[in-house]
Amino acid sequence: MTTSFGPSYVRAIAPYVAGKPISEVAREFGLDEARIVKLASNENPLGMPESAKTAMAQAASELGRYPDANAFELKAALSAQYDVPADWITLGNGSNDILELAAHAFVEKNQSVVYAQYSFAVYALATQGLGARAIVVPAVQYGHDLDAMLAAISDDTRLVFVANPNNPTGTFIDGPTIEAFLSKVPRHVAVVLDEAYTEYLSADKRYDSIAWVRRYPNLLVSRTFSKAFGLAGLRVGFAIAQPELTDLMNRLRQPFNVNTLAQAAAIAALNDKPFLQKSAELNAQGYQRLTQAFDKLGLEYVPSHGNFVLVRVGNDDGAGNRVNLELLKQGVIVRPVGSYGLPQWLRVTIGLPEENEAFIAALEKTLATA
Ligand SMILES: *Cc1c(COP(=O)(O)O)cnc(C)c1O
């Protein structure tokens with residue numbers, strides 16, 4: 001008899017593929033760790049802000065105690081920053097935790113969740129982990145088709161995930177279009193608006209999603225400290241929503257899901273405007289440089305509003321993995337996106353100028369000999 005533990009919907013899940021760690025690539029390819037460039041996980045190439053390091057060092061003496069389960073100070077800082085009451089905020093162990101919590105808090109097993117083709121992998125994981133039905137709406141130009149997503153909402157739909165900008169494609173939907181969508185979504189369907197890259201948006205692209213949270217009781221805005229704030233390793237994300245949704249998430253949340261060091265660092269990073277500004281500027285310059293190189297190489301890419309670019313490196317379905325392997329041999333780690341149904345493409349995080357140059361040189365070399 002073959003044993004099969006666990007529900008069939010859990011066995012059907014394809015595990016999340018993370019960016020390869022530097023140490024692993026060094027071991028596998030016999031390279032010096034110091035010379036490896038990692039542009040695979042959309043981390044901030046500046047690393048952690050100094051302000052956050054200082055705050056963590058101060059908090060380190062408290063680690064014998066449990067974290068503040070309600071994260072009073074971090075919530076107060078977020079409440080002041082975004083002008084919402086503290087009881088509209090839910091903290092997560094990264095915003096991945098928020099996305100999972102939302103699925104568990106709003107959806108039952110026999111109900112459905114709507115999200116777009118080529119959208120963030122965690123939407124599928126959170127849906128499948130419940131045994132709920134996924135309604136995956138075909139993308140248009142690699143981005144969300146909000147009209148089609150609206151039309152796809154069925155009687156049993158309880159949640160829609162919208163990523164803006166989207167990962168891994170970098171596509172962006174303007175504010176008025178999102179608000180028009182929100183105004184038409186039935187009120188018993190929660191909308192998670194995942195804004196992991198919002199701090200990278202140029203001034204002309206910004207919109208006030210927190211104002212929509214005040215207007216739409218079914219809207220939850222999700223943000224993270226992992227990208228522009230530079231704290232990916234600490235795992236802090238947060239959600240802003242009206243108390244009805246927030247209260248449900250808080251019932252399910254692990255009481256100590258955000259640790260003491262993470263809480264302290266997040267407060268410091270939130271208030272470090274110069275760091276955010278520098279991160280956004282560096283990103284804009286790096287975007288220009290990478291896309292200029294892609295243009296020169298005649299490579300198609302999707303115009304991006306995040307800190308990464310999706311680039312097509314060949315016209316056959318082996319291209320992504322093949323080019324990725326050649327880049328790895330040269331000590332450059334990017335992200336193949338075959339698991340997203342994009343086997344001809346690679347996603348590259350925008351790095352420091354010298355990291356971008358190393359990637360471009362390795363890519364040019366690979367394509368010249370392909
Ligand atoms: C990176 C990312 C997240 C969050 O990551 P955490 O580190 O868990 O906060 C969420 N959504 C999208 C679209 C992302 O790209």
Side-chain angles (χ1 to χ4, degrees), residues 16-19 21 38-45 47-48 52 71 74 78 89-104 113 115-127 129 136 139 142-144 149 159-173 178 191-201 209 220-240 249 253-254 257-259 261-263 265-266 269-270 279 283 302 304-310 334-335 337 339-340 342 345-350:
Y16 182 80
V17 187
K38 185 185 175 208
L39 302 173
S41 302
N42 300 346
E43 295 143 341
N44 190 324
M48 286 177 70
L74 175 53
L78 289 165
I89 299 167
T90 309
L91 293 171
N93 191 257
S95 57
N96 274 272
D97 191 22
I98 296 289
L99 304 173
E100 281 268 344
L101 278 172
H104 283 266
V113 177
Y115 53 86
Q117 180 188 25
Y118 309 140
S119 64
F120 190 43
V122 171
Y123 310 153
L125 283 175
T127 304
V136 185
Y142 303 99
H144 293 36
M149 289 174 75
L159 175 60
V160 181
F161 284 112
V162 175
N164 202 42
N166 182 46
N167 173 19
T169 62
T171 53
F172 174 75
I173 311 163
I178 295 197
V191 176
V192 169
L193 180 58
D194 178 355
E195 300 184 327
Y197 301 94
T198 202
E199 297 82 11
Y200 287 110
L201 291 177
S209 53
L220 181 146
V221 168
S222 168
R223 301 268 180 96
T224 182
F225 281 94
S226 297
K227 308 287 162 56
F229 290 106
L231 302 180
L234 280 170
R235 317 303 302 125
V236 201
F238 62 98
I240 298 180
M249 307 245 297
R253 185 179 66 84
Q254 300 275 331
N257 62 338
V258 180
N259 70 68
L261 297 181
Q263 291 184 28
L270 187 67
S279 302
N283 190 64
V302 180
S304 175
H305 298 84
N307 66 344
F308 56 89
V309 191
L310 187 70
V334 299
R335 181 75 71 94
V337 279
S339 61
Y340 281 93
L342 295 162
W345 301 74
L346 292 174
R347 190 196 68 193
V348 55
T349 303
I350 298 167

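Note that ligands are numbered from 1 as they come in the structure, with each ligand's atoms numbered from 1 the same way. Quick note: numbers below take in every heavy atom, side chains included, and nothing from hydrogens, waters or symmetry partners.
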### Task
Go through R347 and N167 one step at a time and tell me if the side chain to side chain donor-acceptor pair (under 3.5 Å) criterion holds.
CA-CA 9 Å; R347 190 196 68 193; N167 173 19; 2.7 Å; yes
### Query
Which is it for Y197 and F172 under the side chain to side chain contact (heavy atoms under 4.5 Å, CB included) test, yes or no, and what are the steps along the way?
CA-CA 10 Å; Y197 301 94; F172 174 75; over 6 Å; no
### Message
Please tell me whether S279 and E199 have a donor and an acceptor in their side chains that are separated by less than 3.5 angstrom.
### Response
no
### Task
Between N96 and ligand 1, find which residue part has any heavy-atom pair under 4.0 Å and reply side chain, backbone, both or neither.
both
### Query
Relative to the ring of Y123, is the ring of F120 parallel (under 30°), tilted (30 to 60°) or perpendicular (over 60°)?
perpendicular
### Query
Using a heavy-atom cut-off of under 4.0 Å, does the side chain or the backbone of S95 touch ligand 1, or both, or neither?
both
### Part of Y197 within contact of ligand 1 (heavy atoms, under 4.0 Å)
side chain
## Note on the structure
Taking only non-hydrogen atoms of K227 and a 4.0 Å limit, the atoms of ligand 1 in range are 1 (C), 2 (C), 3 (C), 4 (C), 5 (O), 14 (C), 15 (O)
### Query
Heavy atom of N42 under 4.0 Å from ligand 1?
no
### Message
One pair to check against ring pair (Phe, Tyr, Trp, His ring centres under 6.0 Å): W345 and Y142. What are the steps and the verdict?
### Response
CA-CA 12 Å; W345 301 74; Y142 303 99; 5.0 Å; yes
### Message
Polar contacts were defined as any N/O atom of the residue lying under 3.5 Å from an N/O atom of the ligand; does this apply to R235 and ligand 1?
### Response
yes
### Query
Quick one: does G237 get within less than 4.0 Å of ligand 1, heavy atoms only?
no
## Note on the structure
The atoms of ligand 1 lying under 4.0 Å from a heavy atom of A196, numbered in the order shown, are 2 (C), 3 (C), 10 (C), 11 (N), 12 (C), 14 (C)
### Message
For P165, run the side-chain contact (heavy atoms from CB on, under 4.5 Å) check against L201, I173, T171 and tell me which one passes.
### Response
L201
#### Entry: T224 N/O to ligand 1 N/O under 3.5 Å
yes
### Summary
Of all protein heavy atoms, the one nearest atom 13 (C) of ligand 1 is D194 OD2, 3.4 Å
### Query
Is a donor on one side and an acceptor on the other found under 3.5 Å between the side chain of N42 and the backbone of F308?
no
### Query
Is there a side-chain contact between Y115 and T127, using heavy atoms and a 4.5 Å cut-off?
yes
### Message
Return the closest protein heavy atom for atom 7 (O) of ligand 1 as residue, atom name and distance.
### Response
S226 OG, 2.6 Å
#### Entry: Proximal ligand 1 atoms for N167, defined as those under 4.0 Å from one of its heavy atoms
13 (C), 14 (C), 15 (O)
